[in-house]
Each structure stands twice: as structure tokens, then as C-alpha cells.
Amino acid sequence: MPELPEVEAVVRTLRPLVEGQLIHCVHVFHPIALKPQPTSRLVELATDRCIQRVDRKGKYVLLRLDRGLVTLHFRLDGQLVWFTGAAELLGRANARKNGVHVDVAFEFGKGALGFADRRHFGRVHAWESPNDSSGLASLGIDALSTDFTVARLRELLAESVRPLKDFLLDQTRVAGLGNMYSCESLWHARLDPRRHAKSLKPEEVRRLHKAIVSVLARALECCLHPAPDFRDSQWWFQGLEKILRAYGREGEPCRRCGAAIQRIEQSGRSTYWCRRCQK
DNA sequence: AGCGTCTCCTGCAAGC
DNA sequence: TGCTTGCAGGAGACGC
Ligand SMILES: [Zn+2]
């Protein structure tokens, strides 16, 4: 599932393709991807507008238009697909022969961009201002931003009694971490995911901060080499398994101490961790 | 205010 | 082999 590093890699790859381009036409093949907004909202806001800049906040992609903005969220399986032009888009979108799943597409002077999520969890939303999006407006500090400091993390942790794992998943505190990189950060920081956030000592806060930053930086490097290929709808990030130390490794030996990695459930989702060396 | 719980949706794995 | 069943998972809505 795309978390901060994957979304950042997508954004960097997308920039040269769409920045400065005029959106001639918006196609909404599956309106569910816009829910709860009506189709008219995106069509009216984005048609004939120019994409001035592409940004990322947490796991959101922002297409900043000359008036208003479009947000993309991939949730679990969302992805982008690039077409050479309107003809290829209309010929292949959801077609039986040589088809590609496409929920929403933007047609440019040069090329066309499709948003697709076969599970229809991902969303494309249109806003007049970033503040109109409650999801965007409530995001906490982006984990890759320079504002994400040890001091800031210490303050945030001190405000929360929730288990560390739940704290890291809360996008209103630190934005960008999902299940995978939360588990990985806690493994690198040698911290028990069940610990209350406010229980961390200063030394442990420093370790967690360092772990988050380095895990994301390493993953981003991985996500950029090779960079995403929007021309291939089957494409997905390769080689991320190689850097994983806890996530998805239930029963396998901890790379630090050799004990078996455990899987437990926290707030309805899986946490992978080493019971012996995460304290 | 903040936390817990339910819901969305569908590909895929597991089971028969 | 082919069908059914159940599960995963990020974020928003809702309720206490
Ligand atoms: Zn260990």
C-alpha cells in the first residue's frame, strides 16, 4: 500500500508530466472514486484549468490548479496510468481488449492521466481551497518536512496516551506513516508498539525520530530506483521487501536478535514486532 | 476534545 | 477445477 515514500516517488515522477499542462477534459468513468462529491464538482472545477504545481501532504497528492485544487488519495491499491493521448485513453479505459481499469482521467494537450483503484477505496476530490478539505486540513506534521523535529515529536508524544503504534498511524499527529512504516520505525527504534506514547523517555524519543526519518529516507530511495512507470498498469514498487525488518515477517527471525517476529492486533490491524528486542 | 467502533469495497487466499 | 467464504486495510462518520 502506498505510504509517504511511495506517494513522494509518484509525485516526483508526475511533476514533469503534468506541471504547466492545461486540463482540456475530465472523464469520470466510475463516480464512486469521487464519493461523496458529485461528478459535476470535479468536472466544473478542473476543466480548462491549468496544473501549476504538484505537491504531496502526508499520503495525499495535490494538483494545484490556477484556481482550486484536486486531491488524490490512493488508500490501499490506487495508482496512476499515463496515456499518450485522448485516443488511447478512450480506446483502453475499462475496455475488454487490451483494457486498463480507469476510474477518473484528465486529458491534457499532451497525454492523459488516469486514476485507478480496482477496489474503489481511493479518492479524487476537488476543492476551491486546501482548507475546504477536512482530511488535508487536519493533517499533522509531514514526516519528511523540516518541521518534524525531535522537539516537536516529543511534544506530540507527550499529549497522547495511546499505544505508540496507534499514535504513528494517526495522520493528525505525524502525517505519512501507514501500517508498514510504523512497524518498521518501531523496530528500528527498538520500542514496544504497545507502549503508551507519553511514556517515552527523551532518549527513546530521539531514537524514534531518527528511526522514522531514516526508514522513510531509505524507502524513498528504493521507490525512486526504479521510478514508477505510469505506462505500465501492472507496475508496482520493487525491492521494498528487502528493507523490511518486521512488517510481514511473522515467524521469521529478527535480524537483530534472532527471535521470531510476532504478529499482534492493535486497533484492528496487524502489528509486526520483535518481542525480545523491542522494549 | 479525543478516543473507540463501524463502514466502505473488492481482489485474493483458503477451504471444500 | 471451480465455487463460496472471509479477510485486509486508510480514513471518514458517528457516538460516547
Ligand atoms: Zn529482535
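Below, each value reflects all heavy atoms present in this structure, side chains not excepted, and no hydrogens, waters or symmetry copies. Per chain, numbering begins at 1; letters A, B, ... match sequence-line order.
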Distance below 4.0 Å between A/His73 side-chain N/O and C/dA11 OP1 or OP2: yes
Cation-pi check, A/Arg256 onto A/Trp187 ring (under 6.0 Å, within 45° of axis): yes
Nearest-angstrom distance from the residue atom CG of A/Asp77 to P of C/dC7: 19 Å
5'-most by nearest nucleotide on DNA chain C - A/Arg263 or A/Pro36: A/Arg263
Atom-pair distance (CH2 on A/Trp236; C1' on B/dC12), nearest Å: 16 Å
Protein-nucleotide distance (A/His101, atom NE2; B/dC9, atom C1'), rounded to Å: 11 Å
Heavy-atom donor-acceptor pair, A/Glu19 side chain to A/Leu17 backbone, under 3.5 Å: no
Short side-chain N/O contact from A/Lys59 to OP1 or OP2 of C/dA11, under 4.0 Å: yes
Enclosure of A/Arg67 CZ (heavy-atom neighbours >12, cutoff 6.0 Å): no
Length of the line joining A/Lys57:NZ and C/dA11:P, which is rounded to integer Å: 15 Å
Short side-chain N/O contact from A/Tyr247 to OP1 or OP2 of C/dG9, under 4.0 Å: yes
Touch class at under 4.0 angstrom, heavy-atom based, for A/Tyr60 against every strand present: sugar-phosphate
A/His125 NE2 to C/dG12 C1', straight-line distance once rounded to whole Å: 10 Å
N/O (side chain, A/Gln171) to phosphate O (OP1/OP2, C/dG10) under 4.0 Å: no
Atom-to-atom span, CG of A/Asp170 to P of B/dG4 - whole angstrom: 10 Å
A/Leu169 CG to C/dG12 C1', straight-line distance once rounded to whole Å: 15 Å
Sugar-phosphate only, base, or nothing, as touched by A/Gly135 at under 4.0 Å among non-hydrogen atoms: sugar-phosphate
Between A/Tyr272 and A/Glu252: side-chain donor-acceptor atoms closer than 3.5 Å: no
Separation of B/dA13 P from A/Glu250 CD (nearest whole Å): 17 Å
Base B/dG2 to side chain A/Arg162, donor-acceptor N/O within 3.5 Å cut-off: no
Sugar-phosphate only, base, or nothing, as touched by A/Asn179 at under 4.0 Å among non-hydrogen atoms: sugar-phosphate
Sugar-phosphate only, base, or nothing, as touched by A/Ile32 at under 4.0 Å among non-hydrogen atoms: sugar-phosphate
Test side chain to side chain contact (heavy atoms under 4.5 Å, CB included) applied to A/Leu153 and A/Phe148, step by step: CA-CA 7 Å; A/Leu153 179 61; A/Phe148 181 59; 4.0 Å; yes
Under-4.0 Å side-chain N/O to phosphate OP1/OP2 contact, A/Arg75 with B/dT10: no
Contact nearer the 5' end of DNA chain B, comparing A/Arg269 with A/Val161: A/Val161
